[in-house]
2 protein chains.
Amino acid sequence: MQATTFAALGEPSRLQIVELLRTGPLSVGEISDALSIRQPQVSKHLRVLSGSGIVAVEPVARHRIYHLEPEVFEQINDWVDSFERLWEVRLDSLDTYLNSIRAKPTEDGSEADG
Amino acid sequence: MQATTFAALGEPSRLQIVELLRTGPLSVGEISDALSIRQPQVSKHLRVLSGSGIVAVEPVARHRIYHLEPEVFEQINDWVDSFERLWEVRLDSLDTYLNSIRAKPTEDGSEADG
DNA sequence: GTGATATATTCCCGTCAAGGAATATATAAC
DNA sequence: GTTATATATTCCTTGACGGGAATATATCAC
């Protein structure tokens, strides 16, 4: 998993753009208008997103229509799955571990359970 | 979905730490040793990860054992799913859309083929 | 060709974050 | 109390990044 992918999504305006594109492909001007971000900034953000393979562009006359690329989302999905699969196996051993910690007399009983 | 979550994962060292913790809870020193990152930097990164709810800490004697928090990974999972679910619906309409672009008689026939 | 529209790029600036070094805090042993 | 170990925090510097303004490029209409 590439840190750059998460970094691209870690900027608020870019995350907004990605979530906006979830509704369907849009031109630069439409994104700029919808999110009230100036056009040069939108182009810059789209460049970063494009560099991470999160979006791709389709030129249409004078417009450039950006859309999301499913591949990256599958990568993220697989990455997250690699964690959740392990927890299924490790959940009870973590519990055992935490309990073993608390088994020690703590002299203040302030163990927060959440 | 919080941009800060992705930002936390978007730093290479932090992503390394998260992936290392996938193998199980570790102390600061163990992380520092395993990744050859100086201890103060590890503590700082863990602070950011902790602030995003990606990790949590369990004090054990003089050690502080960090472990991953499943909740955030479920959030990311749900977020990614919200995209992939739409694609199942929209995949053919995107195709239709792209074709419709090229199908338009454009008065000069200069449609880029891609 | 000129002019208009849509988008990309460049330059500059301010801010923020990461890394290094030193230091502070916490816990344990004595 | 002192000392040692484990971790957190502070200060400083530097480099990267986002935003604004201006400009460049591309396409269309004429």
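Letters A, B, ... mirror the listed sequences (proteins, then strands); counts begin at 1.
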*Check if the side chain of A:Lys44 and the base of C:dT7 share a donor-acceptor pair of N or O atoms closer than 3.5 Å.*
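Side chain to base: no pair present.
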*Nearest nucleotide by nearest heavy atom, which residue falls closer to the 5' end of DNA chain D, A:Arg62 or A:Gln39?*
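Going by which nucleotide is closer to the 5' end, it is A:Gln39.
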Measuring only between side-chain heavy atoms, which start at C-beta, is [X] closer than 4.5 Å to [Y]?
X	Y	value
A:Leu15	A:Glu11	no
A:Asn77	B:Asn77	yes
B:Glu74	B:Glu71	no
A:Leu49	A:Leu68	no

Atom [atom1] of [X] and atom [atom2] of [N]: how far apart are they, to the nearest Å?
X	N	atom1	atom2	result
B:His63	C:dA29	NE2	P	11 Å
A:Arg47	D:dG19	CZ	C1'	17 Å
A:Ile37	D:dC17	CD1	C1'	15 Å
B:Glu11	C:dG19	CD	P	5 Å
B:Leu35	C:dA18	CG	P	16 Å
B:Gln41	D:dT13	CD	C1'	13 Å
A:Ile65	D:dA26	CD1	C1'	15 Å
A:Asp33	C:dT7	CG	P	11 Å

Is the phosphate of [N], meaning OP1 or OP2, less than 4.0 Å from a side-chain N or O of [X]?
X	N	value
B:His45	C:dG19	yes
B:Ser27	D:dT7	yes
A:Ser32	C:dT7	no
A:Tyr66	C:dA8	yes

*Measure the acute angle between the ring planes of B:Phe73 and A:Trp79, then classify it against the limits of 30° and 60° as parallel, tilted or perpendicular.*
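Correct class here is tilted.
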*asked:* Of the listed nucleotides (D:dG19, C:dT7, D:dA8), which one gets closest to any side-chain atom of A:Arg64?
replied: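 Side chain of A:Arg64 sits closest to C:dT7.
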_Counting only side-chain heavy atoms from C-beta out, which of C:dG19, C:dA6, C:dA8 sits nearest to A:Ser43?_
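Closest of the options to the side chain of A:Ser43: C:dA8.
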*Take B:Arg38 and A:Val28, find for each the nucleotide of DNA chain C with the closest heavy atom, and name the residue whose nucleotide sits nearer the 5' end.*
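Counting from the 5' end, the first nearest nucleotide belongs to A:Val28.
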